[in-house]
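Everything on this sheet refers to the single structure shown next.
Counting begins at 1 with the first residue of the sequence. Side-chain atoms are counted along with the backbone in the values below, which use heavy atoms only and exclude waters and symmetry mates.
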Amino acid sequence: MADAIPDFPFDRPTALEPPPQLAELRERCPVAHVRLPSGDVATVVTRYDDARAVLADPRFSRDLARDGAARLSTTEDGGLFNRRRTSAAGIRQGRGHMRWRRLLSGWFTLRKMELWRPRIQAMTDDLLDAMLAKGPPGNLSAGLALPLPVRVICALVGAPAVDQDRFAHWSRVMLTLTRYTQDEVDQAYREFNAYVSDMIDRNRADPGDDLLSELTQITDAEDGRLSREELIATVRALLLAGHETTSNMIAIMTAMLLADRSRYEDVVDDPDLVPGTVEEVLRLDSTLSVLGGVPRFCTEDVELSEVTVPAGSTVIPHIPAANRDRARFADPDRFDPRRENSAQHLAFGAGPHYCLGQPLARLELQVVLSTLTRRLPGLRLRDHPDSLRLRTGMISGGLQDVWVTW
């Protein structure tokens with residue numbers, strides 16, 4: 001019965017707590033139907049092994065721009081992942097995707113990211129100095145969480161960081177779930193594409209030692225590795241993903257540690273806990289993605305948890321639910337920075353679409369945490385944790401302003 005299908009995403013008791021329905025589904029109905037904001041029905045999986053299978057199995061396609069796929073948002077095109085875009089079609093799946101990853105992977109190796117640590121540290125200190133100069137309380141979201149990833153990704157790509165407000169606006173509109181209209185979405189794409197196209201032309205005239213310069217040279221070679229449309233889509237995706245998720249995660253990490261301040265104090269007392277603390281934050285966060293994960297289109301019948309998921313289904317691997325599966329993580333709801341298998345979480349995905357930028361994201365989170373705990377050991381939330389509010393209306397979640405004092 002249609003009325004028996006619950007509306008999704010689920011409500012939650014507080015901003016930092018996951019909806020209780022997720023644990024219930026994981027235990028009793030790990031492959032369940034849910035109704036999306038668009039009104040379409042999707043299948044959500046909540047166990048670790050099932051979610052990992054959906055992320056890694058090629059029978060689950062990232063391409064939702066096809067007939068029969070559930071629309072995610074209330075816009076006519078169904079949202080970012082449903083939108084039909086010729087420029088993205090070739091790099092979403094299969095050989096086109098692997099070709100695209102090979103072009104970019106050299107810029108995001110662990111070794112190369114470590115070379116960026118001093119620059120990221122300097123950017124972090126600069127932003128923190130400015131926030132401290134204003135005196136407490138401070139808006140950590142606006143003062144550090146948003147501008148730091150923007151500065152980093154702009155320096156890496158070769159874009160002007162002064163345009164961060166424009167990136168943020170276009171990103172919000174493109175990631176709409178219920179907030180923006182189709183006309184507003186289309187305008188954001190036009191403006192963002194025109195901006196990137198102009199940036200490519202300016203970069204061609206004055207190339208630098210950055211990713212955009214390298215990719216522009218590859219496109220200009222016209223050897224089939226990267227078309228201009230793909231280059232525009234790539235730069236747009238890097239600017240969007242490179243700041244949106246990491247900026248949200250910095251705010252979430254700070255709030256999660258200060259909401260139970262013993263977690264923060266443990267890092268103050270033992271800085272060696274920084275990497276493990278970051279991994280536990282990534283594992284236990286339930287707010288970064290409103291839907292819980294990037295949906296997939298099932299191209300043939302597949303069995304998950306003894307349930308046959310039919311071809312044509314839209315399947316959501318719910319990462320926060322999977323990351324609390326006791327079958328993978330002992331005492332999964334406990335925050336443990338010394339947990340040996342914490343890094344096996346699925347926050348960055350799995351399989352061929354494993355997040356290319358995860359070394360950079362981890363580095364930024366580690367630098368921020370080590371800097372805050374070293375320079376502000378007395379850092380606290382200004383308000384009670386229950387006062388934290390989620391960002392709403394977009395596929396990307398996260399918190400609204402996180403105010404702190406020291």
Side-chain angles (χ1 to χ4, degrees), residues 12-20 22-27 30 46-52 55 110 140 145 245-246 248-289 292-293 317-350 354-355 358-359 361-374 376-381 384-386 388 397-399 402 404:
R12 56 182 68 223
T14 68
L16 295 178
E17 293 179 85
L22 293 175
E24 295 170 6
L25 289 178
R26 190 174 55 238
E27 295 299 320
T46 47
R47 289 182 180 169
Y48 183 94
D49 288 344
D50 292 337
R52 200 180 196 289
L55 292 168
L110 283 172
L140 186 124
T245 54
T246 308
N248 286 343
M249 202 64 229
I250 290 172
I252 292 166
M253 174 180 70
T254 306
M256 189 184 297
L257 298 180
L258 296 181
D260 181 348
R261 208 169 177 285
S262 63
R263 300 169 177 173
Y264 188 82
E265 292 168 354
D266 286 345
V267 183
V268 171
D269 294 339
D270 184 0
D272 289 342
L273 291 179
V274 165
T277 299
V278 166
E279 297 305 325
E280 277 292 84
V281 167
L282 290 165
R283 185 182 71 83
L284 286 173
D285 169 60
S286 64
T287 70
L288 188 62
S289 170
H318 203 288
I319 306 307
N323 283 341
R324 293 177 184 249
D325 189 343
R326 66 182 67 258
R328 174 62 57 169
F329 303 102
D331 195 6
D333 294 323
R334 179 170 58 90
F335 190 98
D336 182 4
R338 295 180 176 85
R339 188 184 295 272
E340 292 185 358
N341 69 339
S342 184
Q344 293 179 11
H345 62 74
L346 300 175
F348 293 113
Y354 186 66
C355 178
Q358 58 82 18
R362 281 185 159 110
L363 176 58
E364 290 182 60
L365 291 168
Q366 290 174 13
V367 169
V368 167
L369 179 56
S370 63
T371 303
L372 289 177
T373 51
R374 183 182 70 253
L376 295 173
L379 189 68
R380 298 178 181 276
L381 290 175
H384 191 277
D386 290 351
L388 293 169
L399 300 170
V402 175
V404 293

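Listed here is the closest heavy atom pair of A322 and F329: O-CE1, 4.3 Å. The minimum heavy-atom distance linking A255 with L388 is given by the pair CB-CD1, 3.8 Å. Scanning both residues, G397 and N248, for their nearest heavy atoms gives O-ND2, 3.5 Å. Among all heavy-atom pairs drawn from T287 and A15, the shortest one is CG2-O, 3.0 Å. Among all heavy-atom pairs drawn from P385 and L381, the shortest one is CG-CD1, 4.0 Å. Closest heavy-atom contact between P317 and A51: CB-O, 3.9 Å.
Q344 has its side chain within reach of N341: a pair of non-hydrogen atoms, C-beta onward, lies under 4.5 Å apart. Under the 4.5 Å side-chain criterion, counting only non-hydrogen atoms from C-beta, I252 is in contact with L399. For the pair P20/P13, a side-chain contact is recorded, criterion being any heavy-atom separation below 4.5 Å from C-beta on. Counting only heavy atoms from C-beta outward, the side chains of L282 and V278 approach each other to under 4.5 Å. Side-chain contact between D325 and T46 is absent, with no heavy-atom pair separated by less than 4.5 Å. Residues L369 and Q366 are not in side-chain contact: their nearest non-hydrogen atoms beyond the backbone lie 4.5 Å or more apart. Two residues are said to be in side-chain contact when any heavy atoms from C-beta on lie closer than 4.5 Å; T254 and L372 meet this criterion. Under the 4.5 Å side-chain criterion, counting only non-hydrogen atoms from C-beta, T373 is not in contact with D269.
Rounding to the nearest 0.5 Å gives a distance of 13.0 Å between CZ of R362 and CD of E364. The OG1 atom of T371 sits 5.0 Å away from atom CZ of R374, with the distance rounded to the nearest 0.5 Å. Atom CG of L140 is separated from atom CE of M253 by 8.5 Å, given to the nearest 0.5 angstrom. Distance check, rounded to the nearest 0.5 Å: NE2 of H318 to CG of D50 gives 14.0 Å.
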Item checked: Steps toward side-chain contact (heavy atoms from CB on, under 4.5 Å) verdict (N323, I319) -> CA-CA 6 Å; N323 283 341; I319 306 307; 3.4 Å; yes
Margin query: What verdict does the side-chain contact (heavy atoms from CB on, under 4.5 Å) test give for F335 and M256, after you've listed the backbone C-alpha separation in whole Å, the side-chain angles of each residue and the deciding distance to 0.1 Å?
Written below: CA-CA 10 Å; F335 190 98; M256 189 184 297; 4.2 Å; yes
Check: After noting the C-alpha distance and the side-chain angles of V404 and R380, does the key distance pass the side-chain contact (heavy atoms from CB on, under 4.5 Å) rule?
Finding: CA-CA 6 Å; V404 293; R380 298 178 181 276; over 6 Å; no
Note to self: side-chain contact (heavy atoms from CB on, under 4.5 Å), that's the test. Do L55 and Y354 meet it? Break it down for me.
What the structure shows: CA-CA 8 Å; L55 292 168; Y354 186 66; over 6 Å; no
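Just one of R328, E279, R324, E280 meets the side-chain contact (heavy atoms from CB on, under 4.5 Å) condition when paired with H345; it is E279.
Environment of CZ in R261: crowded, with over 12 heavy atoms of neighbouring residues, nucleotides or ligands closer than 6.0 Å. At most 12 non-hydrogen atoms from other residues, nucleotides or ligands lie less than 6.0 angstrom from CZ of R338.
Remark: S289 engages no residue in a side chain to side chain donor-acceptor pair (under 3.5 Å) (not counting sequence neighbours). Checked against side chain to side chain donor-acceptor pair (under 3.5 Å), E17 has the following partners two or more places apart in sequence or in another chain: T14. In this structure, Y264 has no ring-ring contact (aromatic ring centres under 6.0 Å, His included) partners at least two apart in sequence or on a different chain. Residues passing the side-chain contact (heavy atoms from CB on, under 4.5 Å) test with D260 are S262, R263, sequence neighbours excluded. Here T245 pairs with nothing under the side chain to side chain donor-acceptor pair (under 3.5 Å) rule; sequence neighbours left out. Not counting sequence neighbours, the partners of R12 by the side chain to side chain donor-acceptor pair (under 3.5 Å) test are S286.
The pair R326-D333 does not meet the salt-bridge criterion, since no charged nitrogen lies less than 4.0 angstrom from a carboxylate oxygen. Ion pairing between D336 and R339 fails under the 4.0 Å rule for side-chain N and carboxylate O.
With D285 contributing its side chain and L288 its backbone, the two residues share a donor-acceptor pair below 3.5 Å.
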